[in-house]
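Here it is, the structure, as structure tokens.
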Amino acid sequence: QVQLVESGGGLVQSGGSLRLSCAASGKIQTVETMGWYRQVPGKQRELVARITSGGSTEYSDSMKGRFTISRDNAKNTVYLQMSRLKPEETAVYYCNAERITFYSIDIHDVYTMSAVSDVWGQGALVTVSS
């Protein structure tokens, strides 16, 4: 069993900053590309940023250099540093992992490798006040 657990959401004033964290838990071997998505009330979920296991990043044009995605592979954690936030960016922010490989140990000490795809966190509400 693997999970993505998000933290760091909250209330911030317009122009302020906030950092979100998302940690994969379980007996994890690898976590491939991870990303952040957001869903503004009344709109479809959209990509914010993605980062590969090797550190290559991809951003939505609307971020305009204000957001930074990073990861700590040793901690199986991805971060999203958000700066100069705007009220229209109030949304639920979701963490995603495209693929996670993990292992389990049975009663006979036999290791079994497994993989899951398209794993999502529970969402973190970010409210930007004006």
Side-chain angles (χ1 to χ4, degrees):
Q1 297 287 337
V2 295
Q3 293 181 336
L4 296 179
V5 181
E6 301 180 34
S7 62
L11 176 65
V12 63
Q13 289 185 318
S14 179
S17 299
L18 207 63
R19 189 176 81 153
L20 303 179
S21 299
C22 174
S25 64
K27 298 183 185 299
I28 294 171
Q29 183 177 50
T30 62
V31 181
E32 304 303 328
T33 298
M34 303 183 75
W36 289 96
Y37 297 74
R38 70 185 180 191
Q39 188 160 19
V40 176
K43 296 184 178 180
Q44 293 183 315
R45 187 176 300 184
E46 64 176 337
L47 172 68
V48 175
R50 301 167 69 200
I51 184 168
T52 69
S53 60
S56 297
T57 59
E58 174 186 341
Y59 295 92
S60 169
D61 289 340
S62 64
M63 304 304 111
K64 299 180 180 179
R66 296 179 296 112
F67 291 8
T68 301
I69 189 171
S70 61
R71 65 189 290 167
D72 184 339
N73 289 336
K75 297 181 178 179
N76 300 129
T77 300
V78 64
Y79 306 93
L80 183 68
Q81 178 66 49
M82 302 181 289
S83 300
R84 302 194 300 280
L85 282 160
K86 307 172 183 178
E88 59 265 34
E89 292 175 321
T90 292
V92 177
Y93 286 72
Y94 295 92
C95 174
N96 172 267
E98 291 187 357
R99 188 172 184 265
I100 303 174
T101 61
F102 62 99
Y103 67 93
S104 61
I105 307 173
D106 69 11
I107 193 171
H108 304 293
D109 292 329
V110 176
Y111 286 68
T112 301
M113 298 302 303
S114 300
V116 291
S117 298
D118 201 24
V119 183
W120 292 89
Q122 81 279 12
L125 176 62
V126 174
T127 302
V128 185
S129 65
S130 60

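All values below come from the heavy atoms of this structure, side chains included, with hydrogens, waters and symmetry mates left out. The first residue of the sequence shown is numbered 1, and numbering continues consecutively from there.
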Exercise. Mind checking the CE-CZ spacing from Met63 to Arg38? Nearest 0.5 Å is all I need.
Key: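 Met63 atom CE to Arg38 atom CZ measures 4.0 Å (nearest 0.5 Å).
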
Exercise. State, to 0.1 Å, how close Tyr59 and Ala49 come at their nearest heavy-atom pair, and which atoms those are.
Key: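 Taking Tyr59 first and Ala49 second, the nearest heavy atoms are CD2-CB, 3.6 Å.
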
Quiz prompt | Counterpart residues, salt bridge (Lys or Arg N to Asp or Glu O under 4.0 Å), relative to Arg50 (two or more places apart) | solution = Glu58, Glu98

Self-check item: Rounded distance [0.5 Å steps], CD in Gln3 versus CD1 in Ile100
Solution: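 Interatomic distance, Gln3 CD to Ile100 CD1, rounded to 0.5 Å: 10.0 Å.
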
Quiz prompt | Ser60 to Leu47 - nearest heavy-atom pair and separation | solution =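 In this case the closest contact between Ser60 and Leu47 is CB-O, 3.4 Å.
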
Self-check item: Met82 versus Leu20, closest heavy-atom pair with distance
Solution: CE-CG, 3.8 Å

Quiz item: If we only count heavy atoms from C-beta on, is the Tyr94 to Leu4 side-chain gap below 4.5 Å?
Solution: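 No, every pair of side-chain atoms sits at 4.5 Å or beyond.
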
Quiz prompt | Heavy-atom check, side chain of Arg71 versus side chain of Val31, under 4.5 Å | solution = yes

Self-check item: Student check: side-chain heavy atoms of Cys95 and Trp120 closer than 4.5 Å
Solution: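 Not touching, per the 4.5 Å side-chain cut-off.
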
Quiz prompt | Reported OG1-to-CD distance for the pair Thr52 and Glu32, which is rounded to 0.5 angstrom | solution =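 Going from OG1 on Thr52 over to CD on Glu32, the span is 9.0 Å.
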
Quiz item: How would you list, by chain and number, every residue that makes a salt bridge (Lys or Arg N to Asp or Glu O under 4.0 Å) with Glu6, sequence neighbours excluded?
Solution: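 Glu6: no salt bridge (Lys or Arg N to Asp or Glu O under 4.0 Å) contacts found.
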
Practice problem: Among Ile, Leu, Val, Met, Phe, Trp and Tyr joined by side-chain contacts under 4.5 Å, find the other residues sharing a cluster with Tyr111 and list them by chain and number. | Solution: Tyr103, Ile105, Met113

Quiz item: Hey, which of Thr68, Ile51, Asp72 is the one that makes side chain to side chain contact (heavy atoms under 4.5 Å, CB included) with Tyr79?
Solution: Asp72

Quiz item: Less than 4.5 Å apart, any side-chain heavy atom of Lys86 and any of Val128?
Solution: no

Exercise. Of all the heavy-atom pairs spanning Val110 and Asp106, show the shortest one and how long it is.
Key: N-OD1, 2.8 Å

Quiz item: With no hydrogens and no angle check, is any side-chain donor or acceptor of Arg66 less than 3.5 Å from a backbone partner on Arg84?
Solution: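 Checking the backbone N and O of Arg84 against the side chain of Arg66, a donor-acceptor pair under 3.5 Å is found.
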
Quiz item: Is Tyr37 close to Val92 at the side-chain level, that is, under 4.5 Å between some pair of heavy atoms?
Solution: no

Quiz item: So, do Gln1 and Ser104 sit near enough that their side-chain heavy atoms are less than 4.5 Å apart?
Solution: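 Result no, sub-4.5 Å side-chain heavy-atom pair not found.
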
Self-check item: Gap between atom CD of Gln39 and atom CD of Gln44 - 0.5 Å precision
Solution: 8.5 Å

Exercise. Please say whether more than 12 non-hydrogen atoms of neighbouring residues, nucleotides or ligands are located less than 6.0 Å from CD in Glu46.
Key: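 Yes, the 6.0 Å shell around CD holds more than 12 heavy atoms from other groups.
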
Exercise. Would you give the length of the straight line joining atom CD of Gln122 to atom SG of Cys22, rounded to the nearest 0.5 angstrom?
Key: 7.5 Å

Self-check item: Over 12 foreign heavy atoms within 6.0 Å of CD, Gln13
Solution: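 No, CD of Gln13 has 12 or fewer neighbouring heavy atoms, counting only those of other groups under 6.0 Å.
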
Practice problem: Determine the minimum heavy-atom distance between Leu85 and Val12, stating which atoms define it. | Solution: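 Closest approach of Leu85 to Val12: CD1-CG1, 3.6 Å.
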
Quiz item: So, does Thr127 use its side chain to make a donor-acceptor pair with the main chain of Leu11 at under 3.5 Å?
Solution: no

Quiz item: Without hydrogens or angle criteria, can the side chains of Ser130 and Ser14 be said to hold a donor-acceptor pair below 3.5 Å?
Solution: no

Quiz prompt | Closest non-hydrogen atom pair, Leu18 against Gly10 | solution =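 Where Leu18 meets Gly10 most closely, the heavy atoms are CD2-N, 3.9 Å.
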
